[in-house]
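So you know, we letter chains A, B, ... as the sequences are listed, proteins then strands, and number each from 1.
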Amino acid sequence: KAGVTQTPRYLIKTRGQQVTLSCSPISGHRSVSWYQQTPGQGLQFLFEYFSETQRNKGNFPGRFSGRQFSNSRSEMNVSTLELGDSALYLCASRKTGNTEAFFGQGTRLTVV
Amino acid sequence: DQQVKQNSPSLSVQEGRISILNCDYTNSMFDYFLWYKKYPAEGPTFLISISSIKDKNEDGRFTVFLNKSAKHLSLHIVPSQPGDSAVYFCAAPQGNYGQNFVFGPGTRLSVLP
């Protein structure tokens, strides 16, 4: 079956702009989490959605937001982009009740 | 809050030898842990997990050990192969239901032929 799909794979934006990233989870998976990976920082948890509701949120400013649709697809939005937002953004989906999460290939965002 | 530490940013091992990657966590409310492997330009791939009902879980060349009293786990790869060269992340649960994970900073393993 298809894995977690993230689009786009690469993105270049300028400071001050906003960006929307998309994630399609594995079919049947209702939980979607977003992570930011920067060199030396590992994977930082952004937020998790389940049944269209944000269940958990990490320590990121309000410029980072997300949503989940009824088909479990999720989007992440970053407004007023800063240079420090340049990172690999990863989406992971999980089946209800399972602990193992499956990751997409990520979206590489570069802010110039 | 959960904190996960992987104190070795990098590790080099000769092909055929054992690789040991270590991980320490702070919150033992949910005693299950995951290891992920990541190649450049790809998302992390689930490798192996362990829960508190065991102190060891083995899957082929990969074995994870859990020391609950020390809040420590380790991943052993035997024998190491050049294709194992990647960044390895340890992950521990947090949240009201343990439904999201805190990842360590990762250990870059290089297996030398």
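Between the Asn57(B) side chain and the Val64(B) main chain, no donor and acceptor come within less than 3.5 Å of each other. Checking side-chain atoms of Gln17(A) against main-chain N and O of Thr14(A) turns up a donor-acceptor pair under 3.5 Å. Put simply, the side chain of Ser93(A) never gets that close to the backbone of Val32(A): no donor and acceptor are under 3.5 Å apart. Distance alone, capped at 3.5 Å, places no donor-acceptor pair between the Asp59(B) side chain and the Phe62(B) backbone. Looking at Thr26(B), its side chain does come within 3.5 Å of a backbone N or O of Gln3(B) through a donor-acceptor pair. Proximity of a side-chain donor or acceptor of Lys13(A) to a complementary backbone N or O of Gly16(A) within less than 3.5 Å is not detected. Side-chain N or O atoms of His72(B) include none that pairs as donor or acceptor with a backbone N or O of Leu66(B) at under 3.5 Å.
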Contacts under 3.5 angstrom, residues 42-52 of chain A side chains, donor-acceptor by atom type, not counting sequence neighbours:
{"unit_1": "Gln44(A)", "atom_1": "NE2", "unit_2": "Gln41(A)", "atom_2": "O", "d": "2.5"}
{"unit_1": "Glu48(A)", "atom_1": "OE1", "unit_2": "Arg55(A)", "atom_2": "NE", "d": "3.1"}
{"unit_1": "Glu48(A)", "atom_1": "OE2", "unit_2": "Ser31(A)", "atom_2": "OG", "d": "2.7"}
{"unit_1": "Glu48(A)", "atom_1": "OE2", "unit_2": "Arg55(A)", "atom_2": "NE", "d": "3.3"}
{"unit_1": "Glu48(A)", "atom_1": "OE2", "unit_2": "Arg55(A)", "atom_2": "NH2", "d": "2.8"}
{"unit_1": "Tyr49(A)", "atom_1": "OH", "unit_2": "Gln54(A)", "atom_2": "NE2", "d": "3.0"}
{"unit_1": "Tyr49(A)", "atom_1": "OH", "unit_2": "Gly66(A)", "atom_2": "N", "d": "3.3"}
{"unit_1": "Tyr49(A)", "atom_1": "OH", "unit_2": "Gly66(A)", "atom_2": "O", "d": "2.6"}
{"unit_1": "Ser51(A)", "atom_1": "OG", "unit_2": "Arg30(A)", "atom_2": "NH2", "d": "2.7"}

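Heavy atoms closer than 4.5 Å to chain B are found in both the backbone and the side chain of Ala101(A). Interface residue Tyr36(B): only side-chain heavy atoms are found under 4.5 Å from chain A. Interface remark: Gln37(A) contributes side-chain atoms only to the contact with chain B (heavy atom separation under 4.5 Å).
Apart from Ile18(B) itself, the hydrophobic cluster it occupies contains Ile20(B), Val78(B), where clustering links Ile, Leu, Val, Met, Phe, Trp and Tyr at side-chain heavy-atom distances under 4.5 Å.
Contacts from residues 102-112 of chain A to chain B, taken as heavy-atom pairs separated by less than 4.5 Å, involve Phe103(A), Gly104(A), Gln105(A) in sequence order. Residues of residues 76-90 of chain A lying under 4.5 angstrom from chain B, judged on non-hydrogen atoms, are Leu88(A), Leu90(A) by number.
Here the OG1-CG distance, from Thr7(A) to Leu21(A), works out to 8.5 Å after rounding to the nearest 0.5 Å.
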Next on the checklist: One pair to check against side-chain contact (heavy atoms from CB on, under 4.5 Å): Leu75(B) and Ile48(B). What are the steps and the verdict?
Outcome noted: CA-CA 9 Å; Leu75(B) 175 68; Ile48(B) 193 170; 3.9 Å; yes

